[in-house]
Amino acid sequence: MNAHRSTAFAAAPEVPALPDSLLDAACRTTLGAPILLVALAAGAQVTSDQLVDAAVTPENWLTYSGTYLSQRHTTLDRITPDNVDELELKWVFQAASLEAFEATPLVVDGIMYLTEAPNTAIALDASTGRVFWRYQYDPSTEARPCCGRVNRGLAILGDKVFMATIDAELIAIDATSGQPAWQTTVADPSLGYAMTLAPLAIDDKVIVGVAGGEYGIRGFISAYDVDTGEEVWRFYTIPGPGEPGHETWEDGGDAWMNGGASVWLTGSYDPELNLTYWGIGNPGPDWNPAQRPGDNLYSDSVVALDADTGELVWHFQFTPGDPYDYDSVQIPVLVDLATEDIASEKLMLWANRNGFFYVLDRTNGEFIRGEPFVHVNWASGLDESGRPIETPQGPEAVTYPGVQGGTNWYSPSYSPNTELFYVTVWENYGTVFRPVEVEYQPGRVFGGGTLGGPIPGAANLPGFGLQPVNNWTDEVGNGAIHALDPRTGEQVWRFPTTDISHSGILTTATDVLFTGSREGYFYALDARDGTLLWRERLGGHGMNGPMSYALDGEQYVAIAMGMGLFVYGLPE
Amino acid sequence: MNTHESIGGTVPARLLARTLGLGLFLTLGGPAAAQQHAGQYDQVDIEYGAQIFAQRCVVCHGERGDLLPQANLRSGTYRNASSDRELSRVLTDGVPNTAMVPTGYTGSELTALVAYLRNITTYDPSAGSVALGDPARGRELAEGAGGCIYCHRIGAEGPRFAPALTNVGARLSAATIRRILLDPTGAMLPASRPVRVVTEDGEVIVGRRLNEDTFTVQLITQDERLVALDKTALREYAIGTESAMQPYGEIFDEAELADLLAWLLTLQGFQR
């Protein structure tokens, strides 16, 4: 703490002028000059250029996935395979909320910004965990997010942080004072619209998407002016009448109006192409495709949008006419990799909930390759265009992967060092799908079926529970970390775990891989070969992705487990 | 590391006894979330539901369920519920400002009542129950030829190695209990499997798995010790897939099974 304060002191003479508003904010909340100067650091601006060049300031973590490329990889190198077992707990932030802790913190020049569920934004000191401010937004009781009142974190740009709420509001919050700057209604929560993702800030806009794929929404991605909150553009993830793709809703009726195609994880951005990439969720009703014949664009697709206008530049659909709830909301991981047999070096890597690992050309959406990374029986493979060769299982037969997928929303990682892609996987996990006709009713669950497990009578779904007892192991499935080679689509190594995991992955420039688990471990593997390097028992359920930042040259790794955010570093 | 093999042959039968998997009946959203139409309801639950209905519901709703014109249970639709989950909620919470008061039905009772109500027009109560017999005779079987109490604890009595039966009649539906009786191995939860361990210094530990993760396993042993082991420091580690509980269809006829099931359903915990 003292060291941090003195750093702020040293920096003080370089600060040119103290804006009145900042002075006011600081004086209202603090006493005395030294603390005032710490508050100055909180007022640091984040420019759009800094976001583009986030990789050159690895001491900061500026977007949900670290950088616009979403590799969840840090170039910080103090923690290595040789010293990772010396890591020690530096501080813990305990959330007041008992909801799942799914947020990835941002760190800007020593200030950490995070959220706790449902919609409280918090700024704290990244060296101690002490809180500067909390902004608690109480969402409408109309909010009905399908799967928990969660929030995955903030975006930052200029002097504001941005929070998307479960009642589908977008709120800009002054990063220094913690006071709201503007608030915009994105959608109607009584119809099942919600937001759980961390927004993505690009240029002068903040971009979000809407969840609600289990409630018969019509999904969209929309951009808002960072200064005013006014909507700049909106892209509907289900094309309306007359628009290209509308013909893939073949019923000719109004299935498209309630067809889901939600967006609930943060997209990526290629500044050179000025394309922003977003994964789109399942069509609705989830499990009864008979009610929505056709491919159902752009459900279960990745879309590439012009970041200025929101116009669709290309799309690639992973699971046409999906009957399995294989949301394709996974983080689009952008990778520049020169290979002998691929013309383009600008790739997109995607381990999909449907069990296939895809390599796409992100300039045009062309399919390069796709290989199953888990047991898959709903398709025998992919054709040359990447379309699945479908092999539907009969009634009461087990479909692999199951409804939660071969992977899901847990952030993967890519290391430019090893040139490998790392993903949290559910192995040998299947579901019996039982479609049922369902009528659309506004704001009501629009699932269209029921689910069963592979062992009759046994607990079959891991759900999102925080239970300390693992009761669904063995035949019902298990977890694993997989390292996949984008040059071949093949698995290079795997680290199997007894229970499944909801945790994302962080890799470092020194080939350390960090991840959490539902078992309650925060652990490190050697990214080159999957060797276990270190493990720490934190006891809670890991439901976010680890991240890393630095203060005064010292590297830290942070992970949320249970209700706490745990921050580790090397001994002084 | 995990070798999934039968270890029944290497362990005294008594020791492995009763790894009855108390097969949790949860599917997505619980027992009543699923079934929306006939054919998915088990006959055992329908019969159990008919019994409960005859005891608890007929005073107001009549033997056929159609005594109240404003709440005709034979009409196929309900004013305050459409899904099974909603029907369960009405059964639990009652209907405000009516004689339908909140109740304390257990999960297995709710499953049974919903199953019965969904089949009320086709079920013939005069035929009597096939699946449910006499609980008093069932208790004699459990304490005699069935041998249940030699492995399972009930309340404050009995051994702890097998899962307790204290409230099995409240936790598990009639159909689930019957399935466990007929096919203990098939119904055994993976988590409850028998485990055999040889430690680095040669000690053999056999137990029923209570919990496991990638690095550790937690057991209850035959002599009722709670043991936690680091899996990375074991010489041998094997998980059995065979339940030591005998399939009761092999030793009891249908009438005896019906008696045993009826008794198990009376085990509702210490207090209600």
Side-chain angles (χ1 to χ4, degrees), chain A residues 147 286-287 325 396 402-404 431-439 441 444-445 447-463 465 467-481 495-501 517-521 523 532 535 537 539, chain B residues 1-5 21-37 39-40 42 82-86 163 172-173 175-180 182-193 195 209-218 228 230-232 237 239-241:
Chain A
C147 314
D286 299 39
W287 306 302
D325 194 11
E396 295 305 307
V403 65
Q404 296 285 341
T431 296
V432 176
F433 292 91
R434 303 185 179 107
V436 173
E437 183 86 10
V438 61
E439 180 190 352
Q441 295 174 284
R444 300 286 294 270
V445 170
T450 62
L451 307 170
I455 301 178
N460 60 62
L461 283 172
Q467 67 272 26
V469 173
N470 171 28
N471 63 10
W472 76 295
T473 51
D474 303 350
E475 285 92 337
V476 197
N478 62 277
I481 303 298
F495 182 84
T497 55
T498 299
D499 199 355
I500 54 86
S501 172
S517 70
R518 195 168 75 163
E519 296 176 345
Y521 294 102
Y523 64 101
L532 179 70
R535 68 179 154 103
R537 183 145 187 86
Chain B
M1 171 169 297
N2 294 11
T3 53
H4 297 262
E5 59 190 32
L22 289 181
L24 303 179
F25 52 80
L26 61 110
T27 57
L28 182 67
Q35 313 84 353
Q36 300 284 348
H37 51 84
Q40 294 184 330
D42 200 291
S82 56
S83 69
D84 285 1
R85 185 191 299 215
E86 289 163 340
L172 302 184
S173 72
T176 300
I177 297 173
R178 183 176 156 87
R179 187 168 63 245
I180 293 169
L182 293 175
D183 181 14
T185 290
M188 179 170 59
L189 263 190
S192 293
R193 285 181 173 158
V195 171
R209 180 166 55 172
L210 297 178
N211 199 1
E212 181 176 1
D213 66 30
T214 304
F215 309 107
T216 70
V217 61
Q218 292 75 36
D230 179 350
K231 294 198 298 188
T232 62
Y237 178 52
I239 302 168
T241 54

Study note, to complete from the structure: Distance col, row A:Glu439:CD vs B:Ser82:OG, nearest 0.5 angstrom, shows 9.5 Å
**Study point:** From CG (B:Asp213) to OH (A:Tyr521), nearest 0.5 Å
**Key:**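 Going from the CG atom of B:Asp213 to the OH atom of A:Tyr521 covers 3.5 Å.
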Point to revise | Min side-chain heavy-atom separation B:Asn211-A:Glu519 under 4.5 Å | key: no
Review point. Does the pair A:Thr498 and B:Lys231 meet the rule for a side-chain contact (heavy atoms from CB on, under 4.5 Å), with working shown?
Key: CA-CA 11 Å; A:Thr498 299; B:Lys231 294 198 298 188; 3.4 Å; yes
Check your understanding: Any idea how B:Phe215 and A:Phe495 line up, ring-wise: parallel (<30°), tilted (30 to 60°), or perpendicular (>60°)?
Key ->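 B:Phe215 and A:Phe495: tilted rings.
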